[in-house]
Amino acid sequence: MSAESLDEIRKMIDQLDDKIVKALGERQKIVQQVISGKLERADEIRDPEREDKLLAKIRRKAHEAGMDPYFLEQLFREIIQHSVRYQTHALVDHQNEKSKAKSIRVSYQGTDGAFSHQAAIRHFEQRYQHVECIGYTRFEEAADAVERGEVDVSILPIENTTAGSINDTYDLLNEKELYISGEEVLHINHCLMAPAEVKIGNVRRILSHPQAIAQCSKFLSSLPRCHVETYFDTAMAARKVRDDADLSQAAIASSYAAEIYGLQILKSHLANQDENYTRFVVVGKESIKCDPQLNCKTSLIFATVDEKGALLNCLNLLGDNGINMTKLESRPRMGHPWQSLFYLDIEGNRDEPRIADTLLKLKKKSQYLKVLGSYPIREGKW
C-alpha cells in the first residue's frame, strides 16, 4: 500500500470518528431534554427493562455489522452509564436547589495536572459552565478554604486500591465541620517522566507524593541506585523536574501532568497492580438531600463506649436491620488515649426510615457519632 493510499484511509477513519463524536453529542443533548421532564414528574432514573432490550438489539446489530457483540455491548453499557451519571447529578442538584448555578469553585491538594485536579474536572465539568479549580499545598489547606468560604467544595482522596486508606482525609472529616456530598473514582496511571528521553538506569533521583511512592513501591525497589524523595504532590514534582531541567532527575505523576509540563514519559503503568484506583470525596459545609430513587451510601464516624464487645454490639445493629457495610476503618481518637474512632460506609440513604432508625440506635450505643452525609454511589466501570 502506498503512502498516499494510507493517508486517504486515515482521513476516512478520522471523518468517521468525527461522526461518532457528533452523534454522541447529539445523544447527550436529548438526554438533557429527557431529564428536564423527569425532574418535573419524579420519574425513575433507570429503566432496567428498556436497557436490557437496548443491549439485546445492539448484540443483534453487531452481527449484522460484522462487529464483536461483546465489544459493542460493553461500549453501550458505558454510554448508558454516562447517561445515568448525568441524570443522577441533575437530580441531586435540582433537589438541593443548585440546578441554576452556572459556576463552582473547587479546592484540591496539588497543582494543575494533579490526580485530584483531574477528579474535580471529571466530577463537575458536565454540571457547570465554569469550574474553577484552586490548588493548595496540603489537604488541610484545601479543607480550610471550604470552611472560610473561599471555595464551594473541596475534593479529597480518601482511599486507594493499592496503598489503602488516606488517613489525612479521615482525620479532617472528623476535625472539621465538613460533610460529604459526592464521590469520584479515578483510574490512576502513574508514569515516570523526565525533561527528555533518557535511560531509566541513568535516573538518580525520583520525586513524587508519598501516596504515589507507596503505590509504585515494587517498581522503585527495582532501581537500587536511585534516590526516592517525597514531594508535596505528583504534579508539583513534575513541575519541579521541568524547572530544574536535570536529566538525572525524574518524577512520578500522571500522563496529563507530563503533557502540561512538557515532560517525556519514560515508563507508564508503574503501580504495584494494574487495577489502581483512587476514590475521592467531595466535601462542603452542608450535607445534601438525596432522592429516594437514587442508589446512595451513607458515611459516618463513631466511637464506642468503653466496655467489652461494644464495637460488635454496634456493628450488629447494622446486620440486624439488614444494612450492608461497605467500609470500616479505625483511627486513633485524638485526646482520648487508647480509644479509636471508627469510620463506616453503609449502603442506603439516612432519610430512609430503616437507616434513620438504625442511626438513632447507634447513637444511643456509642460515645460519639457524626453522620458525614448520604450521597449517590459512583456506579459503573471506573
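As a basis for the values below, the full set of heavy atoms in this structure was taken, side chains included, without hydrogen atoms, waters or symmetry mates.
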Answer yes or no: is there an ion pair linking [X] with [Y], defined by an N-O contact shorter than 4.0 Å?
| X | Y | answer |
| --- | --- | --- |
| Lys361 | Asp357 | yes |
| Lys53 | Glu49 | yes |
| Glu140 | Arg138 | no |

Do [X] and [Y] have side chains that approach each other closer than 4.5 Å (heavy atoms only, starting at C-beta)?
| X | Y | answer |
| --- | --- | --- |
| Met193 | Tyr261 | no |
| Glu26 | Lys22 | no |
| Asp17 | Val21 | no |
| Lys297 | Glu183 | yes |
| Ser83 | Gln87 | yes |
| Arg204 | His227 | no |
| Leu223 | Ile206 | yes |
| Ile377 | Thr326 | no |

Is the closest side-chain donor-acceptor distance between [X] and [Y] under 3.5 Å?
| X | Y | answer |
| --- | --- | --- |
| Glu275 | Tyr277 | yes |
| Ser255 | Glu259 | no |
| Arg331 | Ser165 | no |

I'd like to know if [Y] and [X] are part of one continuous hydrophobic network [Ile/Leu/Val/Met/Phe/Trp/Tyr, side-chain heavy atoms within less than 4.5 Å].
| X | Y | value |
| --- | --- | --- |
| Met236 | Ile166 | no |
| Leu192 | Leu207 | no |
| Val198 | Val241 | no |
| Phe280 | Val106 | yes |
| Ile213 | Leu263 | no |

* Asked: Residues two or more places apart in sequence or in another chain: which of them pass ring pair (Phe, Tyr, Trp, His ring centres under 6.0 Å) with Tyr128?
  ->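 If we apply the ring pair (Phe, Tyr, Trp, His ring centres under 6.0 Å) test to Tyr128, skipping adjacent residues, there are no hits.
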Just wondering, more than 12 heavy atoms not from [X] lying within 6.0 Å of its [atom1]?
| X | atom1 | answer |
| --- | --- | --- |
| Gln264 | CD | yes |
| Lys289 | NZ | no |
| Glu125 | CD | no |
| Glu197 | CD | yes |
| Asp274 | CG | no |
| Arg148 | CZ | yes |

Could you check whether any side-chain N or O of [X] sits under 3.5 Å from a backbone N or O of [Y], counting only pairs where one atom can act as donor and the other as acceptor?
| X | Y | result |
| --- | --- | --- |
| Tyr231 | Ala235 | no |
| Asn189 | His269 | yes |
| Thr234 | Ala253 | no |

Nearest 0.5 Å, what's the [atom1]-[atom2] distance between [X] and [Y]?
| X | Y | atom1 | atom2 | value |
| --- | --- | --- | --- | --- |
| Ile252 | Ser268 | CD1 | OG | 12.0 Å |
| Leu91 | Asp291 | CG | CG | 4.5 Å |
| Lys240 | Thr111 | NZ | OG1 | 14.5 Å |
| Ile180 | Thr169 | CD1 | OG1 | 9.5 Å |
| Asn174 | Ile301 | CG | CD1 | 4.5 Å |
| Thr278 | Gln118 | OG1 | CD | 11.0 Å |

* Asked: Does Lys370 count as lying over the ring of Tyr179, i.e. NZ or CZ under 6.0 Å from the six-ring centre, within 45 degrees of the axis?
  ->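 Cation-pi check for Lys370 and Tyr179: passes.
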* Nearest heavy-atom neighbours spanning Ser374 and Gly348 ->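 Taking every non-hydrogen atom into account, OG-O, 4.3 Å.
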* side-chain contact (heavy atoms from CB on, under 4.5 Å) between Ser299 and Tyr375: does it pass, once the steps are laid out? -> CA-CA 9 Å; Ser299 297; Tyr375 49 96; 2.7 Å; yes
* Can you list the steps and then say if Ser287 with Arg350 is a side-chain contact (heavy atoms from CB on, under 4.5 Å)? -> CA-CA 11 Å; Ser287 58; Arg350 66 178 177 183; 2.7 Å; yes
* **From Arg127, Arg279, Arg85, residue fulfilling salt bridge (Lys or Arg N to Asp or Glu O under 4.0 Å) relative to Glu184** =>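 One option only clears the test, and that one is Arg85.
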* ILVMFWY cluster membership beyond Leu315 - transitive side-chain contacts under 4.5 angstrom ->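 Cluster partners of Leu315: Leu300, Phe302, Leu311, Leu317, Leu318, Ile323, Met325, Leu328, Phe342, Leu344, Ile346, Ile355, Leu359, Leu362, Leu369, Val371.
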* Parallel, tilted or perpendicular: ring planes of Phe115 versus His190, cut at 30 and 60 degrees ->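 Ring orientation of Phe115 relative to His190: perpendicular.
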* To do: Check the angle between the aromatic planes of Tyr256 and His117 and answer parallel, tilted or perpendicular using the 30° and 60° thresholds.
  =>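 Judged by the thresholds at 30° and 60°, the geometry between Tyr256 and His117 is parallel.
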* Go through Gln211 and Asn160 one step at a time and tell me if the side-chain hydrogen bond (donor to acceptor under 3.5 Å, both in side chains) criterion holds. => CA-CA 9 Å; Gln211 281 290 325; Asn160 175 265; 5.9 Å; no
* **From Leu178, Val282, Val283, Val281, residue fulfilling side chain to side chain contact (heavy atoms under 4.5 Å, CB included) relative to Val153** =>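 The option that passes is Val282.
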* After noting the C-alpha distance and the side-chain angles of Lys57 and Leu54, does the key distance pass the side-chain contact (heavy atoms from CB on, under 4.5 Å) rule? -> CA-CA 5 Å; Lys57 182 173 72 174; Leu54 170 62; 4.2 Å; yes
* Please assess Asn276 against Thr162 for the test side-chain hydrogen bond (donor to acceptor under 3.5 Å, both in side chains), listing each intermediate value before the final yes or no. => CA-CA 6 Å; Asn276 187 35; Thr162 301; 2.8 Å; yes
* Let me see the working for Glu329 and Asn167 under side-chain contact (heavy atoms from CB on, under 4.5 Å), right down to the final yes or no. => CA-CA 10 Å; Glu329 184 76 22; Asn167 294 327; 4.1 Å; yes
